[in-house]
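Data first, discussion second: the structure below is written as structure tokens.
Everything numeric in this text was worked out from a predicted model, so none of it was measured.
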Number of protein chains: 2
Amino acid sequence: MLIKDRIKDAAGILTPSERKLAAAILSDYPYAGLVSIQDLAKHAEVSPPSISRFVTKIGLAGYQEFQRDLIAELKEGQRSPVDLHMENRPIEGGFLSDFIQRTTRQMAVSSAAITEDQFARICTLLATPKSEVHVIGGRVSDSIAFLLSFHLRQMRQGVYHLPANNEAWPEYLLRMKQGDLLFVVDFRRYQPNLLGLCQTAHDKGAKIILMTDKWLSPIAKYAAEVLPVPIESGTLWDTYAPALAVIEALVTKIAEDNFDQTRARIKAWDALRLTDQDVPS
Amino acid sequence: MLIKDRIKDAAGILTPSERKLAAAILSDYPYAGLVSIQDLAKHAEVSPPSISRFVTKIGLAGYQEFQRDLIAELKEGQRSPVDLHMENRPIEGGFLSDFIQRTTRQMAVSSAAITEDQFARICTLLATPKSEVHVIGGRVSDSIAFLLSFHLRQMRQGVYHLPANNEAWPEYLLRMKQGDLLFVVDFRRYQPNLLGLCQTAHDKGAKIILMTDKWLSPIAKYAAEVLPVPIESGTLWDTYAPALAVIEALVTKIAEDNFDQTRARIKAWDALRLTDQDVPS
DNA sequence: TATTGACTGAAAAATTATTTCCAATCATGC
DNA sequence: GCATGATTGGAAATAATTTTTCAGTCAATA
């Protein structure tokens with residue numbers, strides 16, 4: 001039996017620190033287990049005795065047998081890609097693996113719905129230095145939008161994240177000029193105030209890039225580019241993981257295309273951040 | 001340098017038994033080297049001292065370093081049966097689909113590293129009405145953490161999202177009581193101030209649930225539960241999509257388990273929200 | 001054939017890793 | 001609240017592994 005499975009089987013009877021240990025081992029399986037008991041102890045923040053007890057608990061004679069087995073698995077595993085492949089489809093179907101699988105499927109959908117062409121076009125837009133970029137999302141999706149503006153800010157200047165409170169919007173709208181960009185994330189339960197914002201921005205000549213779901217937010221009307229992403233998870237709630245993946249893809253592509261600039265900027269950034277570091281440990 | 005190459009480079013100055021040894025190691029590389037010096041000695045038909053001398057000769061400090069290096073090589077090399085596979089054909093599907101596929105792969109890893117058991121346990125903890133839940137994340141990951149607190153707030157009372165500014169933390173810490181929960185998301189570039197927060201919370205008797213990457217944030221020391229999620233995207237930047245998926249899975253599970261309560265709460269919530277809606281369209 | 005020097009492995013020593021024991025702590029049930 | 005039992009990590013004991021020492025062997029050479 002695989003060590004991994006032994007751990008999962010024993011999951012029910014593990015003590016708190018043993019669970020920490022299990023997490024540490026599984027998080028970089030099997031390599032995390034291929035160090036001395038002391039190093040593993042330090043890494044997992046538990047004591048060596050706890051590890052010793054743990055390996056006994058999962059039915060092994062001792063730490064050494066544990067390691068020998070891990071190495072044997074590694075050796076085996078590399079030989080039979082078939083087995084590995086089987087592992088990728090856990091039919092056992094716990095809630096988590098089930099959910100993840102669904103999300104995974106949705107992610108595939110998103111890459112199908114967005115053409116590489118459009119993707120490249122949007123990257124180019126967002127990377128254009130002379131266009132300032134304004135970013136905002138809906139009540140929930142703003143946190144996704146935040147990741148875009150955060151990373152974008154590391155790569156270029158002129159990136160602004162609009163606050164949720166529309167009282168402050170005029171300040172940003174006044175600054176917007178012809179050719180600037182407004183990146184909006186708006187998923188169902190579309191917010192009327194975002195629509196108003198986009199209308200105004202559009203009137204001012206800003207290009208709007210909209211990330212939305214398949215029902216298409218009314219903002220689509222003003223958008224120069226619409227990035228459709230699937231948000232149905234097959235459950236009662238929506239999933240934003242595909243949306244996040246697309247945003248991360250954008251950010252990564254832009255960063256790679258402008259690598260030197262980005263690196264320089266991050267370096268300068270970090271240098272400044274150090275000066276007001278909170279609590280040096 | 002790879003051990004293999006070190007051996008080949010040294011081939012000229014090897015003694016007869018060292019050559020036997022080299023052959024034994026290379027014949028089942030790198031697994032043959034991953035046993036005790038005595039087993040390897042027996043297998044290669046030489047004495048342990050010869051092995052010791054050998055590893056020194058090829059420029060390593062000792063047998064242990066030799067093994068550590070072999071494992072590191074293995075990890076590096078196998079790090080990406082997937083990644084490498086993709087790197088070979090990055091153009092095929094285009095940047096986006098390539099990126100999405102990688103992310104997808106990572107998501108599968110996360111469901112392998114988190115046991116269903118642990119998942120269920122954490123859901124139970126977060127759903128316990130009498131424990132208040134405090135949520136916070138790192139500079140970037142806080143936006144992921146936000147989605148947890150946001151949705152959790154829809155399902156139960158006593159959910160607080162700590163502000164990024166640590167000036168305000170004491171207020172929350174004062175409120176924390178024995179048995180309360182602190183859910184922390186902390187990915188690499190771990191923030192010292194979060195560690196301090198967790199230490200204090202832990203001292204106050206709060207249970208800490210930590211979502212982190214495989215390098216394990218130092219907060220693991222105080223954590224009752226550690227949720228490891230993969231964040232490597234195979235590019236220069238990390239991806240939080242798997243983390244988000246896990247959080248969404250948590251939220252969904254909790255909502256489904258407490259469906260009536262959640263529905264009633266959302267209904268009441270929406271009723272209140274309508275009264276101060278910003279701009280009716 | 002004797003001498004030299006390199007090579008080797010047995011045994012001892014040193015080091016390192018692992019396990020056991022135990023006291024302190026923590027949580028739990030009464 | 002108090003007692004009980006489980007859990008935990010430090011320290012000691014144990015075990016294992018690795019390295020060093022050293023004497024014997026062998027081959028090459030004079």
**OP:** Verify whether the ring centers belonging to Phe66(A) and Phe54(A) lie closer than 6.0 Å.
**Re:** no
Original post:
Tell me: CZ of Arg68(A) to P of dT18(C), nearest whole Å?
Top reply: 10 Å
Original post:
What's the CZ-P distance between Phe66(B) and dT18(D), to the nearest Å?
Top reply: 11 Å
Original post:
Nearest of dG9(D), dT18(D), dG9(C) to any side-chain atom of Val46(B)?
Top reply: dG9(C)
Original post:
Taking the inter-plane angle between the rings of His202(B) and Tyr222(B) on a 0 to 90° scale, is it parallel (under 30°), tilted (30 to 60°) or perpendicular (over 60°)?
Top reply: tilted
Subject >> Shortest side-chain distance from Thr15(A), nucleotide among dT8(D), dT19(D), dT17(D) >> reply: dT8(D)
**OP:** Describe the nucleic acid contact of Gln64(A) in one word from base, sugar-phosphate, nothing, applying a heavy-atom distance below 4.0 Å.
**Re:** sugar-phosphate
**OP:** Would you indicate, yes or no, if dG9(D) has its OP1 or OP2 atom less than 4.0 angstrom from a side-chain nitrogen or oxygen of Ser50(A)?
**Re:** yes
**OP:** For Gln67(A) and dA17(C), give me the distance from atom CD to atom C1', rounded to whole Å.
**Re:** 10 Å
Original post:
Within this structure, what is the CZ-to-C1' distance between Arg53(A) and dC22(C), rounded to whole angstrom?
Top reply: 11 Å
**OP:** Using a heavy-atom cut-off of under 4.0 Å over every strand shown, decide if Glu65(B) touches base, sugar-phosphate, or nothing.
**Re:** nothing
Subject >> Between P of dA17(C) and CD of Gln38(B), the distance in whole Å >> reply: 15 Å
Original post:
Is Ser17(B) near enough to dT8(C) that one of its side-chain N or O atoms lies under 4.0 angstrom from OP1 or OP2?
Top reply: yes
Original post:
Below 4.0 angstrom, N of the basic side chain to O of the carboxylate: do Lys75(A) and Asp28(B) qualify?
Top reply: yes
**OP:** Provide, to the nearest angstrom, the distance between the CD1 atom belonging to Ile51(A) and the P atom belonging to dA17(C).
**Re:** 12 Å
**OP:** For Lys207(B) and for Ile37(A), locate the closest nucleotide of DNA chain C by heavy-atom distance; then report the residue assigned to the nucleotide nearer the 5' terminus.
**Re:** Ile37(A)
**OP:** Nearest-nucleotide wise, let me know which of Pro16(B) and Gln178(B) is further upstream toward the 5' end of DNA chain C.
**Re:** Pro16(B)
Original post:
Which listed nucleotide (dT17(D), dT19(C), dT8(D)) is nearest to the side chain of Pro48(A)?
Top reply: dT19(C)
Original post:
Among dT20(D), dT8(C), dG9(D), which is the nearest nucleotide to the side chain of Ser52(B)?
Top reply: dT20(D)
Subject >> Candidates dT17(D), dT20(C), dG9(C) - which lies nearest the side chain of Pro49(B) >> reply: dG9(C)
Original post:
When the distance from CD of Glu18(A) to C1' of dT8(D) is rounded to whole Å, what number comes out?
Top reply: 10 Å
Original post:
Relative to the ring of His134(B), is the ring of Tyr172(B) parallel (under 30°), tilted (30 to 60°) or perpendicular (over 60°)?
Top reply: perpendicular
Original post:
Rounded to the nearest Å, what distance is computed from the CG atom of residue Leu21(A) to the C1' atom of nucleotide dT7(D)?
Top reply: 14 Å
Original post:
Can you find a side-chain donor-acceptor pair between Tyr160(B) and Glu171(B) that sits under 3.5 Å?
Top reply: no
